[in-house]
Protein chains: 2
Amino acid sequence: MEEIDRRIVTLLASDGRMSFTDLARETGLSVSAVHQRVRRLEKRGVVRGYAAIIDHDAVGLPMTAFVSIKPIDPAAPDDAPDRLSHLTAIEACHSVAGDESYILKVRVASPVALEDLLQQIRASANVSTRTTVVLSTPYEHRIPELADDSPTGHERTG
Amino acid sequence: MEEIDRRIVTLLASDGRMSFTDLARETGLSVSAVHQRVRRLEKRGVVRGYAAIIDHDAVGLPMTAFVSIKPIDPAAPDDAPDRLSHLTAIEACHSVAGDESYILKVRVASPVALEDLLQQIRASANVSTRTTVVLSTPYEHRIPELADDSPTGHERTG
DNA sequence: AGTGAAATGAATACGGG
DNA sequence: CCCGTATTCATTTCACT
């Protein structure tokens, strides 16, 4: 991916509602050219979608935690993500290297809601849990610097 | 916060570029009414912003890790978030309860880049690190169900 | 808080270099 | 792959309930 696409991606990552007009100004291209590029980035899956960033305190989910899970029966088929996907309090599920198999990021309303959620997680996926409660979040959702070329599987190799 | 605002927040969380026209259709309000509500949600900080969701593989940052940090000198003032904020590979920084003081979520291009980043983290904040590498991400950025009332500090109490 | 209507500005489709 | 133009559609403001 080259310079201008990287710039577009960075701009949209920091303001997902930026207009094509503004993107055009920032990149020095015409509106139709950026429009075309954004649609292509969406189609190729580089831009996977757009989301409002919500203040979880303000919507009644002030408690965040990381829940690491480990299967009770290590021989059983590992379909924990599927078994847990109905629990909407789980914002993310990462398969990880290390002692435990997944790290879940969860958002709940209260300590009691967390207790309840942990029981549901254990029951749904037959796992043990280890929970790390978030006290505060100095920052989140930051934009990385995108540098140089990256393998998209779409560019020409020569 | 009541029903319609919750609906608007949920819709924008799942599609940050949804038009006011579509929001109006989905909520049964007029365009100007939703417009007013969205602006109010933004002003009150319930909606903190908008972001494009990026495929990190496609932009050359295919490696994600969680880095837990612990101060070398527990007596020193704890300004790790400030000391680390210049490292753009750090997407999020959470202060946590437990043995360690912060969990960082980082995105890097390669194992070597992670090694380099860990050295920078240790040097910048005078901390030890414990790193959990993400192997795959079954899901991320999911939208929680927003239920009932939540304390925004803005609604009338009677 | 809500509405509809009017004016501005943005998104999209198109013809062409 | 880029541009400009023309059309359609969304955003924003306003006067009013």
Side-chain angles (χ1 to χ4, degrees), chain A residues 1-55 58-60 146 148-158, chain B residues 1-55 58-60 146 148-158:
Chain A
M1 202 175 51
E2 46 64 78
E3 183 57 22
I4 295 180
D5 280 352
R6 257 183 287 139
R7 180 115 187 85
I8 290 173
V9 165
T10 302
L11 288 164
L12 285 175
S14 75
D15 178 3
R17 280 186 88 103
M18 183 175 285
S19 68
F20 291 100
T21 308
D22 286 352
L23 286 170
R25 260 204 314 94
E26 297 279 344
T27 56
L29 266 68
S30 70
V31 173
S32 8
V34 283
H35 183 264
Q36 191 176 223
R37 276 169 180 263
V38 170
R39 290 297 176 245
R40 197 184 51 195
L41 289 164
E42 290 169 355
K43 186 156 149 285
R44 290 184 176 173
V46 179
V47 172
R48 291 170 40 176
Y50 302 90
I53 297 169
I54 301 309
D55 180 347
V59 297
L146 306 182
D148 285 298
D149 243 356
S150 48
T152 62
H154 292 284
E155 70 283 349
R156 306 236 176 273
T157 52
Chain B
M1 202 175 52
E2 46 65 79
E3 183 56 22
I4 295 181
D5 280 351
R6 256 183 288 137
R7 181 115 188 82
I8 290 173
V9 166
T10 301
L11 288 164
L12 285 176
S14 76
D15 179 3
R17 281 186 88 103
M18 184 175 283
S19 69
F20 292 100
T21 308
D22 286 352
L23 285 170
R25 260 202 318 93
E26 297 280 345
T27 55
L29 265 66
S30 68
V31 173
S32 7
V34 283
H35 182 262
Q36 192 176 222
R37 276 170 183 265
V38 170
R39 291 296 177 243
R40 197 184 51 196
L41 289 165
E42 290 169 353
K43 187 156 148 286
R44 288 182 177 176
V46 179
V47 172
R48 290 170 39 175
Y50 302 89
I53 298 170
I54 301 310
D55 180 346
V59 298
L146 307 182
D148 284 298
D149 243 355
S150 48
T152 62
H154 293 283
E155 71 284 351
R156 309 235 175 269
T157 53

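Treat the numbers as computed from the prediction; the structure is a model and nothing was measured. Just so we're on the same page: letters track the sequence lines, and every chain starts at 1.
Contact annotation: B/Arg39 side-chain N/O to D/dT11 OP1/OP2 distance is not under 4.0 Å. Side-chain nitrogen and oxygen atoms of B/His35 include none within less than 4.0 Å of the OP1 or OP2 phosphate oxygen of D/dT11.
With contacts defined as side-chain heavy-atom distances shorter than 4.5 Å, the pair B/Arg25/B/Asp22 qualifies. Contact check for A/Val47 versus B/Ile53: no side-chain heavy atoms found under the 4.5 Å cut-off. Between A/Glu42 and A/Val38, some side-chain heavy-atom pair lies under the 4.5 Å cut-off.
Minimum interatomic distance between B/Ala58 and A/Val46 (heavy atoms only, all atoms of both residues): CB-CG2, 3.8 Å. The two atoms that bring B/Thr27 and B/Val34 nearest to each other are OG1-CG1, 3.3 Å, heavy atoms only.
End-to-end axis angle for the helix from C/dA1-D/dT17 to C/dG17-D/dC1, using five pairs per end and rounding to 10°, comes out at 30°.
The line from CG of B/Leu29 to CD of B/Gln36 is 9.5 Å long, rounded to the nearest 0.5 Å. Within the model, atoms NZ of A/Lys43 and CG of A/Leu41 stand 11.0 Å from one another, a figure rounded to the nearest 0.5 Å. With values rounded to the nearest 0.5 angstrom, B/Glu26 atom CD is found 13.0 Å from B/Ile4 atom CD1.
Taking atom NZ of B/Lys43 as the reference point, atom P of C/dA1 lies 11 Å away to the nearest angstrom. A/Gln36 places its CD atom 20 Å from the P atom of C/dA10, with the value rounded to the nearest Å.
The stretch residues 7-24 of chain B touches DNA chain C through B/Arg17, each having a heavy atom within less than 4.0 Å of the strand.
Applying the side-chain hydrogen bond (donor to acceptor under 3.5 Å, both in side chains) test to A/Asp55 and every residue at least two apart in sequence or in another chain returns nothing. Applying the ring pair (Phe, Tyr, Trp, His ring centres under 6.0 Å) criterion to B/Tyr50, with sequence neighbours excluded, gives no partner residue.
Nearest nucleotide to the A/Arg40 side chain, out of D/dC1, D/dT12, C/dA1: D/dC1. Side-chain proximity of A/Leu29 to C/dG2, D/dC3, D/dC1: nearest is D/dC3.
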Sort me out a list of protein N/O and nucleotides 4-7 of chain C N/O pairs below 3.5 Å, or just none if empty.
from  : atom 1 : to      : atom 2 : distance (Å)
C/dG4 : N7     : B/Ser32 : OG     : 3.3
C/dG4 : O6     : B/Ser32 : OG     : 2.9

Cut-off 3.5 Å, no hydrogens considered: what does the side-chain donor-acceptor table look like for residues 8-16 of chain B, sequence neighbours left out?
from    : atom 1 : to      : atom 2 : distance (Å)
B/Thr10 : OG1    : B/Arg6  : O      : 2.9
B/Ser14 : OG     : B/Leu11 : O      : 3.1
B/Asp15 : OD1    : B/Arg17 : N      : 3.0
B/Asp15 : OD1    : B/Met18 : N      : 3.4

